[in-house]
2 protein chains.
Amino acid sequence: MPTDLRRPQRTYTIRQLCLEFKCTPRALRFYEDKGLLTPARDGMNRVYSYKDRARLKLILQGKRVGLSLAEIGEILDLYDLDDGGAAQMAKSLRKFKERIVALESQREDIDRAINELKVGCNNLEQKLIATRPDLLPRAADYDQMLRQRLDGVEHVGAK
Amino acid sequence: MPTDLRRPQRTYTIRQLCLEFKCTPRALRFYEDKGLLTPARDGMNRVYSYKDRARLKLILQGKRVGLSLAEIGEILDLYDLDDGGAAQMAKSLRKFKERIVALESQREDIDRAINELKVGCNNLEQKLIATRPDLLPRAADYDQMLRQRLDGVEHVGAK
DNA sequence: CGTCTCCTTGACGTTAACGTAAGATGCCGC
DNA sequence: GCGGCATCTTACGTTAACGTCAAGGAGACG
């Protein structure tokens, strides 16, 4: 019978974790340098425990929502202190709310920029219609652009 | 009678432009290094023409909407070629639309992150309510946070 | 024993848009 | 002649999160 790939006693090589979480050995070693991970050793080789894997999962989650490694480190430190208890949760909650506020502010910036750009596009289109309508991008070109963009995304995602 | 500060024949020192557009001499020299500006000289000193001022204005507008200096440079190069004519407008239009697509994608990322964070906040709050409600941030603390944030913004804006 | 593959450490490179001295020049008024 | 101010050039520093070699060890295979 096959070993359960996730049972708590299990250990992982660096490559196994990298494959599972789509990251590179360099990244894991970097996190270790920063004190976010402290895997055991077998001779020279790193041996990641189930707990290390859980920490890595938290690290990557934090990254996805835009937390810096330093901020993630603060949370993980508390994780060590009280083993995922109340203090860590309270700190995470604060960090999360701060991040939400920051992200909402960023989104406002983006919306402003989009509006400014749309105004600019309209101006340019008006002028081009008046002077050189032949230079206006055509619907076909736009479709082409979108298709290229989607192909790119699929390629990255598939590979 | 005072000289019109913006009449086309006017020239500007580096400091005057910096004051007007709230940037630093270092930034203007940097743009010059990158080929975005090419002011005349009076001896060693830079002398910015009305056209230079217009270019700077475009540079800063481009920055506000998130264009890189390299991209802004591409547009400005065309600006030189046909003096603000059709080719430049067509290129700007393309760049603007590309930027809009990129910004909308960024906004989706942000929205996803915000949702993920809100889910996380809810989970954490539930657990804290059950175990350590004393650690929950209170409404008063939240007001305090907002006030500090607003003060910061006003301070920056006013100064 | 040679080769292969995975692992290690160490250390420099990358990117963008400037910041920050350090040291020199030049003009103004006194 | 000198202090003070604006300007100049040159050139290294900053930040984040790794990427990219380089050089070397350890175990497995045939």
Side-chain angles (χ1 to χ4, degrees), chain A residues 11-49 52 55-56 58-76 95 99 102-103 106 109 113 156 159, chain B residues 11-49 52 55-76 95 99 102-103 106 109 113 156:
Chain A
T11 63
Y12 309 81
T13 72
I14 195 169
R15 188 145 302 264
Q16 284 168 340
L17 283 186
C18 287
L19 285 175
E20 180 174 358
F21 293 109
K22 311 240 177 216
C23 51
T24 68
R26 179 70 179 93
L28 295 201
R29 297 192 190 107
F30 183 72
Y31 301 152
E32 190 175 340
D33 262 15
K34 295 285 163 180
L36 304 188
L37 288 176
T38 47
R41 295 298 179 118
D42 172 19
M44 308 212 77
N45 295 359
R46 289 170 175 80
V47 178
Y48 294 88
S49 69
D52 291 323
R55 287 174 70 94
L56 176 56
L58 284 178
I59 293 170
L60 298 177
Q61 277 181 23
K63 285 199 43 167
R64 271 205 305 280
V65 300
L67 291 175
S68 72
L69 292 184
E71 290 175 305
I72 295 168
E74 290 181 49
I75 293 176
L76 287 177
K95 285 276 171 199
R99 194 86 252 285
L103 284 173
Q106 272 189 47
D109 290 345
V156 169
K159 183 57 197 305
Chain B
T11 62
Y12 309 81
T13 71
I14 195 169
R15 189 145 302 265
Q16 286 168 339
L17 283 187
C18 287
L19 284 175
E20 180 175 0
F21 294 109
K22 311 242 177 217
C23 51
T24 68
R26 179 68 179 96
L28 294 202
R29 298 192 190 108
F30 183 73
Y31 301 151
E32 188 175 340
D33 261 17
K34 295 284 162 182
L36 305 188
L37 289 175
T38 47
R41 297 293 181 123
D42 171 19
M44 308 211 77
N45 295 0
R46 289 168 176 80
V47 178
Y48 294 88
S49 69
D52 291 323
R55 288 175 70 95
L56 176 57
K57 217 170 176 177
L58 283 179
I59 292 170
L60 298 177
Q61 277 180 23
K63 283 199 44 165
R64 271 205 305 280
V65 299
L67 291 176
S68 71
L69 292 184
E71 289 175 305
I72 296 169
E74 290 180 49
I75 294 176
L76 288 176
K95 286 274 171 200
R99 195 85 253 283
L103 284 173
Q106 271 187 49
D109 291 345
V156 169

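Reminder, nothing fancy here: chain letters follow the sequence lines and each chain counts from 1.
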In B/S/- notation (B base, S sugar-phosphate only, - none; protein heavy atoms under 4.0 Å), nucleotides 5-19 of chain C written 5' to 3' is --SBB-B-----BBB
When you measure from the side chain of Asp33(A) to the backbone N and O of Phe30(A), does any donor-acceptor pair fall under 3.5 Å?
no
Qualifying residues under salt bridge (Lys or Arg N to Asp or Glu O under 4.0 Å), relative to Arg26(A), sequence neighbours excluded
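Listed in chain order: nothing, the list is empty.
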Salt bridge Arg99(B)-Glu71(B), side-chain N to carboxylate O under 4.0 Å:
no
Quick one: OH on Tyr31(B) to CD1 on Ile72(B), what's the gap to the nearest 0.5 Å?
7.5 Å
Measuring from Leu60(A):CG to Lys22(A):NZ, what's the distance to the nearest 0.5 Å?
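It is 12.5 Å, given to the nearest 0.5 Å.
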